[in-house]
2 protein chains.
Amino acid sequence: MRSENRRAFLRLAGGTLAGAGATGALARDGAPLDVPAWTREQGVNAPGYGRPAPGETLARYPRLPPAFPGATSTVTPLQGLHGILTPNGLHFERHHAGIPAVDPDRHRLVVHGLVERPLVLTMDDLLRLPAVSRLHFLECSGNTPWVGAKAGWTVQDSHGLISCAEWTGVELATLLAEVGVKPGAAWILAEGADACAMSRSIPLDAALDGAILAYAQNGERLRPEQGYPLRLFLPGLEGNLSIKWLRRLKVGDRPFQTREETSKYTDLMPDGTARQFTFVMEAKSVITSPSGGQALRGPGFHEIRGLAWTGRGRIVGVDVSTDGGARWEPARLEGPVLPRCLTRFRLPWRWEGGPAKLLSRARDETGYVQPSREALVAVRGTRSYYHNNAVFGWSVAADGAVRHAA
Amino acid sequence: MRSENRRAFLRLAGGTLAGAGATGALARDGAPLDVPAWTREQGVNAPGYGRPAPGETLARYPRLPPAFPGATSTVTPLQGLHGILTPNGLHFERHHAGIPAVDPDRHRLVVHGLVERPLVLTMDDLLRLPAVSRLHFLECSGNTPWVGAKAGWTVQDSHGLISCAEWTGVELATLLAEVGVKPGAAWILAEGADACAMSRSIPLDAALDGAILAYAQNGERLRPEQGYPLRLFLPGLEGNLSIKWLRRLKVGDRPFQTREETSKYTDLMPDGTARQFTFVMEAKSVITSPSGGQALRGPGFHEIRGLAWTGRGRIVGVDVSTDGGARWEPARLEGPVLPRCLTRFRLPWRWEGGPAKLLSRARDETGYVQPSREALVAVRGTRSYYHNNAVFGWSVAADGAVRHAA
């Protein structure tokens, strides 16, 4: 990588910087350095809680016009983010009946149903219990629409319903052990305190596989739109299961067949039947730079950057193609590569200035390989709304403009 | 840990929750659940860039009254944070002449001195180069005053000049390889674009040991108070070396003897001499919960939580004492344990209700053990201002009040 970096930089310094009107140039040593205006005057102090620089305008926006007021999702600007973490202010969010203003002092979590000792817990109770902190991605199963792709898509439009954070809270397994799950228990109803009482059924096995009753995100308490003061967090599973404003867990012997797992969040197959309870987010990846709406400044060195993830554990490799899939090269994976977490990948690339097509393909530790759209459609058809994890392409035009190309 | 968690929770549920006026209680199964006001009405939508919940008031504040306007440091509220990451809005910051309003389009980085090919780089140039992302702590060497400890200190007062983030940028080694370091080069002057042109000398070895020209923090571009648009980041070394608003790197054959490494940032020894260039932040730890200013709600289960770090690699263990050092127990280290990064530790504790004294002691992979204050003072005296990494104590009174006790 070092020698590759060397060559890459030499191309940059000898090519792009010196030519093409770029401002970068060889310095004239000994010449006095410019002293800009901001160095000539005393600066300001820091606020108690900081904000981005005034010129940095990354923001979430609704992916689609709301179906009705209070039901929308807003997308993370992946094209402007670096590394694997999403700042809390930019973490994607989806709500079905608005974001409630929950009073944490009055909020309660009830655990009941097929348990020996039903409990009502305050936030103080939960904050005292043994805690865990883990870095995980969260992805809405509706991320990346199956149909209606637009050439003008940015990666925020196409993939912005994924984010990644450090989540802290109480393992659900800890709480379940203590309330005493009764024989026959197999599913848990999780219910939110929002105006639609968002509810989903969680298999007991999934609930015991690293699920967290989360009260903090990236160090600080949850943001309102992430379920403040308490959410369920189910690593690797479709985002809707991670019920926000969590107020109730009811243990039962079968799924509860809520609206969101019958009329919604099912996968319509080519034969007209619907697959239900398709929870795991399979391996997926996307190139975030260069990506839709960006323009390459000129031929020469560019670093291809992207994100890969899998709900089944760790990413073990990402292959990148710059010619539409004829040849593939393994990208460098930035460490630490953590289970059910975003992984940043990078590949040095010399753009010759002609048309190119960029693709990425993730592999996970189970041996699963992210499928092409053709392979996925052959099995699933195009009537599904959820769980599109197909390989995704960006075309680069001769003028450097980047657009989506399937 | 699971069985310990079980026992701990049983004590909580059977003791604290049911007694002492706590609101938590056994649920009456079948009774209708309360439907709070916020569930009865539609909620709001999410802003483009989110903010903490209105009732969450964690904030930085100046640790000391500013020596003069524009020279202060503001401290991170460790007592209210979870996991290892610091949200960007709460990352500690120190500035010596205010925070400049740098225009990123006009900002330049000059690399000159003992190099073959001096360069002037724009931010666009830097953003195109091969990048890395790494999780690291940053600690001011003035964190934790040597003298003047107060019983009323919070951990924000005593240890708030440390934070932790994911930093993204170009490895300094990449840039140095390309400008071509000349024979005899041994030190690098790094200069900021703030009104004091903050300057420090960096040994070439340290500059090649993972130093980053950082432009992003926790995913998004640097905040103004963290050096927007560009800072040097030197993992594991005293914070002042990580020059913010970085505008110049000059390679030389000896240290440049700037103000901040002669009159400041040296360690005054008992014999009146000063140690200079003491860069590495040695292993250190602190208990963040319970900590100063907090009050235990009642006897029974509490989780002792804290942070440990070392500038020399990985933390391998943290021992905790609840009786002032007579007995020590190993805490659980939360993974991933990363080099030159904060590590969260946790230990279940049953508080019997009497006086207690809590201490933590970190060990790192070099075999170094965080020293007691006595051991440190025996070598260093008490005339130093910087690099106090001594074991730090909190006393718990019979009424649950927590105060600093040396």
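In the text below, chain A, chain B and the rest are named by the order of the sequence lines, each starting its count at 1. All of these numbers come straight from a predicted model, not from anything done at the bench. Both backbone and side-chain heavy atoms feed into the values below; hydrogens, waters and symmetry mates do not.
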**Q** At a heavy-atom distance under 4.5 Å, which candidate from B:G335, B:A37, B:A53 has the highest pair count against chain A?
**A**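 When all of B:G335, B:A37, B:A53 are compared, B:A53 has the most.
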
**Q** Heavy-atom pairs under 4.5 Å with chain B - which of A:A165, A:A195, A:P77 has more of them than the others?
**A**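 Going by pairs under 4.5 Å, I would pick A:A195.
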
**Q** To the nearest 0.5 Å, how far apart are OG1 in B:T86 and CD in A:E220?
**A** 10.0 Å

**Q** Which region of A:P62, side chain (C-beta onward) or backbone (N, CA, C, O), has a non-hydrogen atom less than 4.5 Å from a non-hydrogen atom of chain B, or is it both or neither?
**A** neither

**Q** Do A:E56 and B:L222 have side-chain heavy atoms sitting under 4.5 Å apart?
**A**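 No, their side chains stay 4.5 Å or more apart.
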
**Q** Between chain B and each of A:T57, A:T72, A:D124, A:D103, count heavy-atom pairs under 4.5 Å; write down the option with the most.
**A**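 Option with the greatest count: A:D103.
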
**Q** Heavy-atom pairs under 4.5 Å with chain A: which of B:A193, B:A59, B:P224 has the most?
**A** B:A193

**Q** With the side chain counted from C-beta on, respond yes when A:L129 and B:E303 share a heavy-atom pair under 4.5 Å apart, and no when they do not.
**A** no

**Q** Shorter than 4.5 Å, heavy atoms on both sides: which option in A:R248, A:R344, A:Q226 has the most such pairs with chain B?
**A**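 Looking at each option in turn, the highest pair count goes to A:R248.
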
**Q** Give a yes or no on whether a salt bridge exists between A:R106 and B:D34, defined as a side-chain N under 4.0 angstrom from a carboxylate O.
**A** no

**Q** Quick check against the 3.5 Å criterion: does A:R60 have a side-chain atom that pairs as donor or acceptor with the backbone of B:P47?
**A**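 Between the backbone of B:P47 and the side chain of A:R60 there is a qualifying donor-acceptor contact (under 3.5 Å).
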
**Q** To check you understand the geometry: which heavy-atom pair defines the closest contact between B:A46 and A:E225, and what is its length?
**A** CB-CB, 4.2 Å

**Q** Should B:P36 and A:R247 count as side-chain neighbours, where that means a heavy-atom distance under 4.5 Å?
**A**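 Yes. Closest side-chain heavy atoms under 4.5 Å.
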
**Q** Do A:H95 and B:V44 have side chains that approach each other closer than 4.5 Å (heavy atoms only, starting at C-beta)?
**A** no

**Q** Tell me, for A:A131 versus chain B, whether the close heavy atoms (under 4.5 Å) come from the side chain, the backbone, both or neither.
**A**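 Both parts, backbone and side chain.
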
**Q** Select one option (side chain, backbone, both, neither) describing which atoms of A:A101 are under 4.5 Å from chain B's heavy atoms.
**A**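 Only the backbone of A:A101 comes within 4.5 Å of chain B.
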
**Q** Kindly give the heavy-atom pair with the smallest separation between A:D125 and B:R297, and that separation in Å.
**A**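 Minimum heavy-atom separation between A:D125 and B:R297: OD1-NH2, 3.0 Å.
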
**Q** Does one side chain, of B:R305 or A:S133, offer a donor that lies under 3.5 Å from an acceptor on the other?
**A** no

**Q** Heavy-atom distance under 4.5 Å to chain B: side chain of A:T168, backbone, both or neither?
**A**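 Only the side chain of A:T168 comes within 4.5 Å of chain B.
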
**Q** Would you mind checking which part of A:Y61 comes under 4.5 Å of any heavy atom in chain B, side chain (CB onward), backbone (N, CA, C, O), both or neither?
**A**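 No part of it gets close to chain B.
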
**Q** What distance do B:N45 atom CG and A:E93 atom CD have between them, rounded to the nearest 0.5 Å?
**A** 7.5 Å

**Q** Under a 4.5 Å heavy-atom cutoff, which of B:G83, B:C164, B:P104 has the most pairs with chain A?
**A**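 Ranked by heavy-atom pairs under 4.5 Å with chain A, first place is B:G83.
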
**Q** Any side-chain heavy-atom pair from A:L135 and B:L85 closer than 4.5 angstrom?
**A**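 In contact.
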
**Q** In terms of heavy-atom pairs under 4.5 Å with chain B, which of A:L338, A:V132, A:L127 leads?
**A** A:V132

**Q** Is B:P336 in contact with chain A via its backbone, its side chain, both, or neither, using a 4.5 Å heavy-atom distance?
**A**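 B:P336 touches chain A through side-chain heavy atoms alone.
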
**Q** Tell me, for A:V115 versus chain B, whether the close heavy atoms (under 4.5 Å) come from the side chain, the backbone, both or neither.
**A**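 It is neither, since no heavy atom gets under 4.5 Å.
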
**Q** Is it the backbone or the side chain of A:F92 that comes under 4.5 Å from a heavy atom of chain B, or both, or neither?
**A**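 Neither the backbone nor the side chain of A:F92 comes within 4.5 Å of chain B.
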
**Q** With a 4.5 angstrom heavy-atom cut-off, could you sort out which part of A:Q42 is near chain B: side chain, backbone, both or neither?
**A** both

**Q** Given a strict heavy-atom distance threshold of 4.5 Å, which part of A:P87 is in contact with chain B: side chain, backbone, both, or neither?
**A** both

**Q** Going from CG on B:L58 to CZ on A:R221, what distance comes out if it is rounded to the nearest 0.5 angstrom?
**A**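 B:L58 atom CG to A:R221 atom CZ measures 9.0 Å (nearest 0.5 Å).
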
**Q** Would you say B:L90 and A:Y49 make side-chain contact, with heavy atoms under 4.5 Å?
**A**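 Contact flag for B:L90/A:Y49 side chains = yes.
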
**Q** Hey, what's the ring geometry for B:Y215 with A:H82, parallel, tilted or perpendicular (30° and 60° as the breaks)?
**A**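 Perpendicular, since the angle between the ring planes exceeds 60°.
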
**Q** Are any non-hydrogen side-chain atoms of A:R51 and B:R51 less than 4.5 angstrom apart?
**A**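 Side chain of A:R51 against side chain of B:R51, heavy atoms only: contact under 4.5 Å found.
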
**Q** Without hydrogens or angle criteria, can the side chains of A:R128 and B:S289 be said to hold a donor-acceptor pair below 3.5 Å?
**A**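 Not at all, the side chains of A:R128 and B:S289 share no donor-acceptor pair under 3.5 Å.
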
**Q** Name the member of B:V102, B:D194, B:T74, B:L81 that forms the most heavy-atom pairs with chain A at distances under 4.5 Å.
**A** B:V102

**Q** Any heavy-atom pair between the side chains of A:R346 and B:P130 that's under 4.5 Å?
**A**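 The answer is no, as the side chains (C-beta and beyond) never meet within the 4.5 Å cut-off.
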
**Q** Quick check on A:L109 against chain B: is it the side chain, the backbone, both or neither that has a heavy atom closer than 4.5 Å?
**A** neither

**Q** What part of A:N88 lies closer than 4.5 angstrom to a heavy atom of chain B: side chain, backbone, both or neither?
**A** neither

